[in-house]
2 protein chains.
Amino acid sequence: MSEQLSRGGANGNRKPSATIYDIARELELSPSTVSRALNKPGRIAAKTERRIRDAAAKLGYRGNPMARSLPTGRTRMLGLVVSDVTNPVFFRLVRGAEKACSELGYTLVLAESQESGELEYGTLDRLLPAVDGVVLAAARLEDDQIHQIAASTDVVLINRRVGELSAIVPDIDDGVAQAIDHLATLGHTSIAYLAGPAISWMSRERGERVFEHAVARGMIFVEIGPTSPDLVGGQSALRRVHASGMSAVLAYNDLMAIGLLRACRAEGIDVPGDLSIMGFDDIFGADLTTPALTTVRSPLDRAGDAAVRSLVATLDGIEPAAADPLPTEIVVRESTAAPH
Amino acid sequence: MSEQLSRGGANGNRKPSATIYDIARELELSPSTVSRALNKPGRIAAKTERRIRDAAAKLGYRGNPMARSLPTGRTRMLGLVVSDVTNPVFFRLVRGAEKACSELGYTLVLAESQESGELEYGTLDRLLPAVDGVVLAAARLEDDQIHQIAASTDVVLINRRVGELSAIVPDIDDGVAQAIDHLATLGHTSIAYLAGPAISWMSRERGERVFEHAVARGMIFVEIGPTSPDLVGGQSALRRVHASGMSAVLAYNDLMAIGLLRACRAEGIDVPGDLSIMGFDDIFGADLTTPALTTVRSPLDRAGDAAVRSLVATLDGIEPAAADPLPTEIVVRESTAAPH
DNA sequence: TTGTAAGCGTTATCAG
DNA sequence: CTGATAACGCTTACAA
């Protein structure tokens, strides 16, 4: 009997979990039969399969994902890369992706891409070799970096288009049309778009759509920014928004819109009396502000779900089904009103 | 030359990344030398090490985490299990854990434990064998289930104590003392605690602390609930809160407090005039409400960080350093005032 | 239907 | 300081 020496030197004395060898020995079968019985149901004598399954259950067999992934090259793990885990925009996205993964038998690994330089060493470097593919919701990565990632693993983008890479992009045109319509109907004739970071594809795209719809309506349009896509970005933009003389502003996202809202409050500017403010996304908290934020809702949860399903389909060698449109729509609350 | 057949049948024709064998061949060395050079720096001739590192860089060697984990039994992945990924309470927690993992060279896998039954098959079952340990912030799991998990992997709890398992629990006593003090100073003589789910250790703990401090102050105390720890839980509790006749209420968490706030607004109850409301945690959005929420801030980011560091220490066979106290404190905003 | 054996990329042990 | 060689747990031709 060889000494049972616990390798790894790590923690207490946990009994190593059962392997297919343990099952095989118990039943006097060969490991390969056990392996087959467990993951190719039906390709084996029904009775043998029963015995194997029973023994597996009895021994508490779990299966070692790492060992499995070595011969197959698949880990059944997917990465989700976001630029900032604390940004509420991503919550619904994460939820959608998580759920889809779970349903499809995959494990989701969440990573943050913060600064672009981090692509060299760090989280992403550790993540990439460990997953079968990644969903990228990282607005701050450069196109180059994305191509670089796509060179080593399968990729699905969210809220962004880069070359021919597959991407899930909600159809914002609808939502923007509704937004402009809403403002025009209220009587606004001028509008400002408060842009996010210059590198953000979605910020540019939203700006573009707003611009198109605004001029189609004969409205005055100006763009302000770029700014950081968060509360302080919105807050700091107030002076310029004010200086522009526009009666309504659409911010790149809700965080910025809320920041702007706060700044207005601090400065004694009445919203929506003096200024109508709208955001994008409808994040958690958008209905908690005073006034509650009117916004263009983005189906982030469905986007997360769709991205994962598309990725898994690709992994399985299936042409991903043409994604549904993922429409956006406005949610009218209290931060917009007729100008005076 | 054997046919280069792409295994896995998955995706396009990505070139398989370099292995230590490729490097060894290139340099006419043995794979073991390469392995040593790469992860035991110094234990090898400086010149050889140089050559190996250069070749590795040249070939774009990445290293295969799965292959590594097979002999070592360590995956350098940690799990973070939360009960609901969309609950804003967890954002700062996730951020703290993510950052610590990143710094320590680990990869964080996020999982949701939603219903307790899911422990049998599903996410957790897939997660556990793949990680070196887990951080559990899953208030809804039963003690039994946690013990079950702890039997197969290293565990650190957050905001909860179960047996002797290591746990990171902020010192709420301080925060609660401040909260009661604040209310007493304002002139409140009666207080309700709005409890979360009965299974939540933290909900009971907070209730207990509030109770103790309230009676110590000679205040009337009642407990209402249990309720679901979210907006609707708070909302639905209003009638009972109102019926209790208390002039102030402390909700188990901010989500519930905000729900209550909303319900008050809908019913025309003035906050803080008719009722003072406080929450716990200081989640994103707590300062966006009207009135802005007074709350007991919980250092969730530091808790996440501490949990990961403690876990990794245990994994490395080091006795985790006695954790700092992680004090809580109140953040006074607008939802509390003198009763009339 | 089942067994044999080779291999997946690393690390670790033991010689040289 | 470096090189064989044997694991690690599993999958998968190929044989029986």
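Because the structure is predicted, anything quoted here is derived from the model rather than measured. Convention: sequence-line order gives letters A, B, ...; per-chain numbering from 1.
Distance, A/Asp22 CG to D/dG9 C1': 10 Å, rounded to whole Å. Following rounding to the nearest Å, B/Ile23 (CD1) and D/dT2 (C1') show an atom-to-atom distance of 16 Å. A straight line from CG of B/Leu27 to P of D/dC1 spans 18 Å, rounded to a whole angstrom. Protein atom CZ of A/Arg68 is 18 Å distant from nucleotide atom P of C/dG9, rounded to whole Å. Nucleotide D/dA7 holds its P atom 18 Å from the CG atom of A/Asn64, rounded to whole Å. Look at NZ on A/Lys40: it is 14 Å from P on C/dT1, rounded to the nearest Å. Between the OH atom of B/Tyr21 and the P atom of D/dA4 there is a distance of 11 Å, given to the nearest Å. The distance from atom CG of A/Leu38 to atom C1' of D/dG9 is 13 Å, rounded to the nearest whole Å.
Contact between B/Gly133 and B/Thr153 at its shortest, heavy atoms only, is CA-OG1, 3.5 Å. In terms of heavy-atom proximity, A/Ile23 sits nearest to A/Ala55 at CG2-CB, 4.0 Å. B/Ser166 and B/Val155 make their closest contact through OG-O, 3.4 Å (heavy atoms, listed as atom of the first residue, atom of the second, distance). Of all non-hydrogen atoms in B/Ala37 and B/Ile52, the two that sit nearest each other are CB-CD1, 3.5 Å.
Of the candidate nucleotides D/dT12, C/dT2, C/dT11, C/dT11 has the atom nearest to the side chain of B/Ile20. Nearest nucleotide to the side chain of B/Pro71, out of D/dG9, D/dT11, C/dT10: C/dT10. Of the candidate nucleotides C/dA12, C/dG9, D/dT11, C/dA12 has the atom nearest to the side chain of B/Thr72.
Classification of A/Asp22 and A/Arg25 as a salt-bridged pair holds, one side-chain N sitting under 4.0 Å from a carboxylate O. At a threshold of 4.0 Å, the pair A/Glu112-B/Lys99 does not count as salt-bridged, since none of the basic side-chain nitrogens sits closer than that to a carboxylate oxygen. A salt bridge links B/Glu103 with B/Arg309: at least one charged nitrogen is closer than 4.0 Å to a carboxylate oxygen.
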Using a cutoff of under 3.5 Å, can you pull out all pairs of nitrogen or oxygen atoms linking the protein to nucleotides 3-5 of chain C, with atom names and distances?
unit_1: C/dG3; atom_1: OP2; unit_2: A/Ser30; atom_2: N; d: 3.0
unit_1: C/dG3; atom_1: OP2; unit_2: A/Thr33; atom_2: OG1; d: 2.6
unit_1: C/dG3; atom_1: N7; unit_2: A/Arg36; atom_2: NH2; d: 2.8
unit_1: C/dG3; atom_1: O6; unit_2: A/Arg36; atom_2: NH1; d: 2.9
unit_1: C/dT4; atom_1: O4; unit_2: A/Ser32; atom_2: OG; d: 2.9

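For D/dT12, the OP1/OP2 oxygens have no side-chain nitrogen or oxygen of A/Ser35 closer than 4.0 Å.
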